[in-house]
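Input: a single structure, listed below in structure tokens.
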Amino acid sequence: MPLASGPSPQLLLFSLGMGLVSGSKCPNNCLCQDEEVSCTDMQLMEYPVNIPLNTRRLLLSNNKITILPALQLGFLSDLVYLDCQNNRIRELMDYTFIGVFKLIYLDLSSNNLTSISPSAFSVLNNLVRLNISNNPHLLFLNKYIFANTSSLRYLDLRNTGLQTLKYEAFYHLSALETLYLSGNPWKCNCSFLDFAIHLLTFQRAKSAFQMSAQCYLKRGGAEDKDGQNATCKEPTELSGWPITQVGNPLQYMCITHLGHHDYIFLLLIGFCIFAAGTVAAWLTGVCAVLYQNAHRKSSGDETEDDSGNRVAHRIFRRNTYFGQSRFPQLI
Ligand SMILES: *[C@@H]1O[C@H](CO)[C@@H](O)[C@H](O)[C@H]1NC(C)=O
Ligand SMILES: *[C@@H]1O[C@H](CO)[C@@H](O)[C@H](O)[C@H]1NC(C)=O
Ligand SMILES: *[C@@H]1O[C@H](CO)[C@@H](O)[C@H](O)[C@H]1NC(C)=O
Ligand SMILES: *[C@@H]1O[C@H](CO)[C@@H](O)[C@H](O)[C@H]1NC(C)=O
Ligand SMILES: *[C@@H]1O[C@H](CO)[C@@H](O)[C@H](O)[C@H]1NC(C)=O
């Protein structure tokens, strides 16, 4: 009997290769079955290695993962369901999801996202549900970020740091049914107007054509769960207004109505013009009087010496005449 009972190196290499190809391995302490890999509640600091390549559902929630590595993720080209809820992911790059273009479900809620690259989701044409809620350091979304996610039906943007959104961001989301926007410090200034108007029309379109759709933005019904809590935080005169209704007052403020700042401005302009006019008139008067005095002196000298240029003399006389008729002598 041979003493060395382990497998031969060739066999080891072979099985390793097979493992990589067929995806028969499973990450430590994770559960792998039926094309689903579950690594939830594991205190993982990093994206796990050895995920089977045929995985279709990957559950990574409740860990401490900070980075989603594009390369490793890209091996899972059949992935349709990715749950990264409650981790510490900080940013999404252009190419983070480039290899997992079949994704239908993507949950990035309760992370620490601070920036999402404009084309991070650009290959996710099949994405139906996207959850970015509870990322309080997320302050900005590029207006092209949803340009290619045209299948999106549920979009959760609750409890982020977002102050404003561009309506262009939603231009391509023709399938969108539910949009969650509450818990954000919305800044309802004039830049917000286009989006607010888009929300008004979005509601009307939804209530007209998709009565069955759970439109959380629809106001006044039993389904109104999110709309009431998505309110303006700034400016103070609109604070507390639901953003689904702020379109009309904003339109009034930004387009047809002059605020009291504008009135003060106009008043100041008017006063400046008035003051400038008065000063100009006064200066003209002073100049005229000075000129007149100087001329009277010089014309007296000229008649006395009585020789020289007649034309100049006549011009001087005429000027004197006009000057006298226009400006009463102030001395
Ligand atoms: C998004 O995730 C949060 C928890 O992080 C959850 O409460 C919410 O229901 C999710 N939204 C959707 C639309 O599934
Ligand atoms: C989340 O991000 C912010 C800003 O980048 C940072 O200050 C904070 O420490 C992060 N929190 C965690 C738990 O990583
Ligand atoms: C959007 O998807 C189309 C194909 O569906 C692709 O040609 C295009 O490059 C994508 N756009 C971006 C910005 O990736
Ligand atoms: C409105 O607020 C946003 C977010 O703070 C800002 O980027 C934008 O410049 C503001 N627009 C106007 C017209 O003040
Ligand atoms: C709306 O906000 C209030 C107070 O913050 C909270 O009690 C309530 O549960 C919220 N409603 C929804 C549907 O989120």
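Atoms within a ligand are numbered from 1 in the order they appear, just like the ligands themselves.
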When you measure from atom 13 (C) of ligand 4 to every protein heavy atom, which one gives the shortest distance, and what is it? Ser191 OG, 3.3 Å
Can a salt bridge be assigned to the pair Lys102 and Asp78 using a cut-off of 4.0 Å between side-chain N and carboxylate O? yes
Note the single closest protein heavy atom to atom 11 (N) of ligand 1, along with its residue, its atom name and the distance in Å. Asp156 OD2, 2.7 Å
Are any of the protein's heavy atoms under 4.0 angstrom from atom 5 (O) of ligand 4, yes or no? yes
With no hydrogens and no angle check, is any side-chain donor or acceptor of Asn134 less than 3.5 Å from a backbone partner on Ser110? no
Which ligand 4 atoms, with their elements, are less than 4.0 angstrom from a heavy-atom of Gln163? 4 (C), 5 (O)
Closest to atom 9 (O) of ligand 1 among protein heavy atoms sits Arg158 NH2, 3.9 Å
When distances are taken from atom 14 (O) of ligand 1, the protein heavy atom at minimum range is Arg129 NH1, 3.1 Å
Residue Ser110 vicinity, atoms of ligand 1 by number, heavy atom under 4.0 Å: 5 (O)
Test: Arg57 cationic atom under 6.0 Å from Tyr81 six-membered ring centre, within 45° of axis: yes
I want to know if ligand 1 touches Tyr180 in the polar sense, i.e. an N/O pair below 3.5 angstrom. no
Which residue and non-hydrogen atom of the protein lie closest to atom 12 (C) of ligand 2, and at what distance in Å? Asn112 ND2, 3.1 Å
Heavy-atom contacts under 4.0 Å between Asn134 and ligand 1: side chain, backbone, both, or neither? side chain
What is the nearest protein non-hydrogen atom to atom 10 (C) of ligand 1, stated with its residue, atom name and distance? Asn131 ND2, 2.4 Å
State whether the side chain of Asp34 and the backbone N or O of Glu36 hold a donor-acceptor pair below 3.5 Å, judged by distance alone. no
Between Thr160 and Pro185 the two heavy atoms that sit nearest each other are O-CD, 3.5 Å
Distance-only N or O hit between ligand 1 and Tyr154, under 3.5 Å: no
Closer than 4.0 Å to some heavy atom of Ser133 - which atoms of ligand 1 meet that? 1 (C), 2 (O), 3 (C)
Indicate whether the side chain of Asn87 and that of Asn111 have a donor and an acceptor atom separated by less than 3.5 Å. no
Ser119 and Asp94: side-chain donor and acceptor closer than 3.5 Å? yes
Can you get from Tyr167 to Tyr144 by hopping between Ile, Leu, Val, Met, Phe, Trp and Tyr side chains that sit under 4.5 Å apart? no
Pair Phe170 + Phe195: ring centers closer than 6.0 Å: yes
Give the residue, atom name and distance (to 0.1 Å) of the protein heavy atom nearest atom 1 (C) of ligand 4. Asn189 ND2, 1.4 Å
